[in-house]
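Just below is one structure, and these are the notes that go with it.
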Amino acid sequence: MLEAVLGDLRRQLRLAATEERRRRLRQFFRQPVTALGVPAVEQKRAAATLYRPVKSWPVSRRNRLCRRLWEGGILEEGNVAIYLCRRFATQAGREQFRLFEEWVDRYVRNWAHCDGVGVWLLGAAIRNEPRLGEELLPWTESPNPWKRRAAAVALVGEAKQGRQRNAILAIADKLLDDPDDMVQKGVGWLLKETYPRQAAAVVNFLRKRRHRAARIVLRYAAEKMTRRHREQVLAR
């Protein structure tokens, strides 16, 4: 059954692909990507179609299907795996957190996959089991820049709700001067989303560290700030 479902999905994606869309996708990413050229709306439709047979499967079989999608190395197939798992967000916990970490380690090679796994999947596991947020800090030492970015973006949802402040600031402190600009942007995004509910903490944190923080982190973090706070954070 798994092979039949996988085959149907791949046929659906290829029927929806266009050469123009594939060219645009290749230009959209700085890193090389293997893409079919399927619009996002069609990817979501494919995931919805896939959900119908998969929703009654054991978790182990569903995970095998997702792994097969990732192993194909195709942008849209990885996206479908993410869209599918989002439909099971309320079930995500420690076991799925470990699975999603494995995906980051093995398969994530661009910011779209990083943010999809980080914000939606790791974020769901952390929302369901908040102590998992504490396990992201060691990721900041990874040689893999996508894992370092994932450590930050996995907490974006928590930041919007005013939660996990200590974990957020600890991770940001480790990554403020990261050498990779995609990691810097992820940290800046995290702090930007933390600010509305934790304004004083974020401004105080950045004021003390602005001389070692990458400039792009400060610019992203300041996007939602008041004029006074922005001047304090961006001042040289």
Side-chain angles (χ1 to χ4, degrees), residues 1-18 21-22 25 28-29 33-133 135-136 139 144 146-147 149-151 153-158 160:
M1 176 177 280
L2 188 152
E3 293 299 330
V5 168
L6 185 61
D8 288 344
L9 169 72
R10 287 174 166 162
R11 280 189 290 274
Q12 183 178 354
L13 289 175
R14 280 157 179 76
L15 285 171
T18 68
R21 177 70 178 174
R22 182 165 59 176
L25 281 171
F28 194 61
F29 291 94
V33 297
T34 302
L36 299 173
V38 182
V41 66
E42 295 296 338
Q43 296 174 42
K44 292 176 182 178
R45 185 173 289 121
T49 301
L50 184 61
Y51 175 70
R52 296 186 194 113
V54 169
K55 63 183 178 182
S56 61
W57 286 9
V59 174
S60 60
R61 186 189 299 169
R62 184 175 79 222
N63 291 344
R64 285 200 303 276
L65 174 66
C66 289
R67 184 172 290 111
R68 291 288 302 279
L69 290 170
W70 282 111
E71 288 172 349
I74 294 173
L75 178 71
E76 292 92 344
E77 291 188 6
N79 288 345
V80 168
I82 294 167
Y83 288 133
L84 178 66
C85 287
R86 284 178 62 178
R87 290 174 172 267
F88 299 94
T90 58
Q91 301 175 22
R94 182 170 295 276
E95 183 176 346
Q96 292 301 99
F97 182 92
R98 294 296 171 223
L99 176 69
F100 302 147
E101 179 183 9
E102 178 187 330
W103 291 358
V104 173
D105 287 334
R106 291 190 176 188
Y107 308 121
V108 167
R109 296 295 180 268
N110 59 70
W111 64 262
H113 283 164
C114 182
D115 294 357
V117 175
V119 175
W120 298 112
L121 304 187
L122 289 165
I126 293 166
R127 183 170 63 251
N128 297 336
E129 295 190 27
R131 293 197 65 173
L132 290 171
E135 300 189 18
L136 296 169
W139 296 18
N144 178 358
W146 298 117
K147 191 165 190 177
R149 180 178 169 103
V153 303
L155 289 173
V156 163
E158 295 295 286
K160 291 179 177 180

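Note that the numbering runs from 1 along the sequence shown for the chain.
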A side-chain contact here means heavy atoms from C-beta on lying under 4.5 Å apart; do [X] and [Y] qualify?
X	Y	answer
Val5	Trp57	yes
Trp70	His113	yes
Phe88	Leu121	no
Arg94	Glu135	yes
Leu136	Ile126	yes
Tyr83	Tyr51	no
Arg68	Leu2	yes
Arg109	Val33	no

How far does [atom1] of [X] sit from [atom2] of [Y], to the nearest 0.5 angstrom?
X	Y	atom1	atom2	answer
Asn79	Ile74	CG	CD1	11.5 Å
Leu6	Met1	CG	CE	13.5 Å
Ser60	Glu95	OG	CD	9.0 Å
Leu132	Phe97	CG	CZ	5.0 Å
Asn110	Trp146	CG	CH2	6.5 Å
Glu77	Gln43	CD	CD	10.5 Å

For [X] against [Y], the heavy-atom pair lying closest together:
X	Y	result
Arg21	Ala40	NH2-N, 4.0 Å
Leu84	Cys66	CD2-SG, 4.1 Å
Ala92	Asn128	O-ND2, 2.8 Å
Leu25	Gly37	CD1-CA, 4.0 Å
Arg87	Ala47	NE-O, 4.3 Å
Ala154	Leu122	CB-CB, 3.9 Å

Under 3.5 Å: donor-acceptor pair, side chain of Asp8, backbone of Leu50: no
Strictly distance-based, threshold 3.5 Å: is any side-chain N or O of Glu76 a donor or acceptor partner for the main-chain N or O of Val38? yes
Verify side-chain contact (heavy atoms from CB on, under 4.5 Å) between Leu9 and Leu69, making sure each step is shown before the conclusion. CA-CA 10 Å; Leu9 169 72; Leu69 290 170; 3.4 Å; yes
Is the gap between the ring centers of Trp111 and Phe28 under 6.0 Å? yes
Might you work through the side-chain contact (heavy atoms from CB on, under 4.5 Å) test for Glu42 and Arg45, ending with a clear yes or no? CA-CA 5 Å; Glu42 295 296 338; Arg45 185 173 289 121; 2.7 Å; yes
Partners meeting side-chain hydrogen bond (donor to acceptor under 3.5 Å, both in side chains) with Glu101 (sequence neighbours left out): Arg98, Trp139, Lys147
How far apart are the C-alpha atoms of Leu36 and Leu75, what are their side-chain angles, what is the distance that settles it, and do they pass the side-chain contact (heavy atoms from CB on, under 4.5 Å) test? CA-CA 8 Å; Leu36 299 173; Leu75 178 71; over 6 Å; no
What do the steps show when you test Gln96 against Asn63 for side-chain contact (heavy atoms from CB on, under 4.5 Å), and what is the final call? CA-CA 9 Å; Gln96 292 301 99; Asn63 291 344; 3.4 Å; yes
State whether Arg106 and Glu71 are salt-bridged, where the test is any N-O pair (Lys NZ or Arg NE/NH1/NH2 against Asp/Glu carboxylate O) under 4.0 Å. no
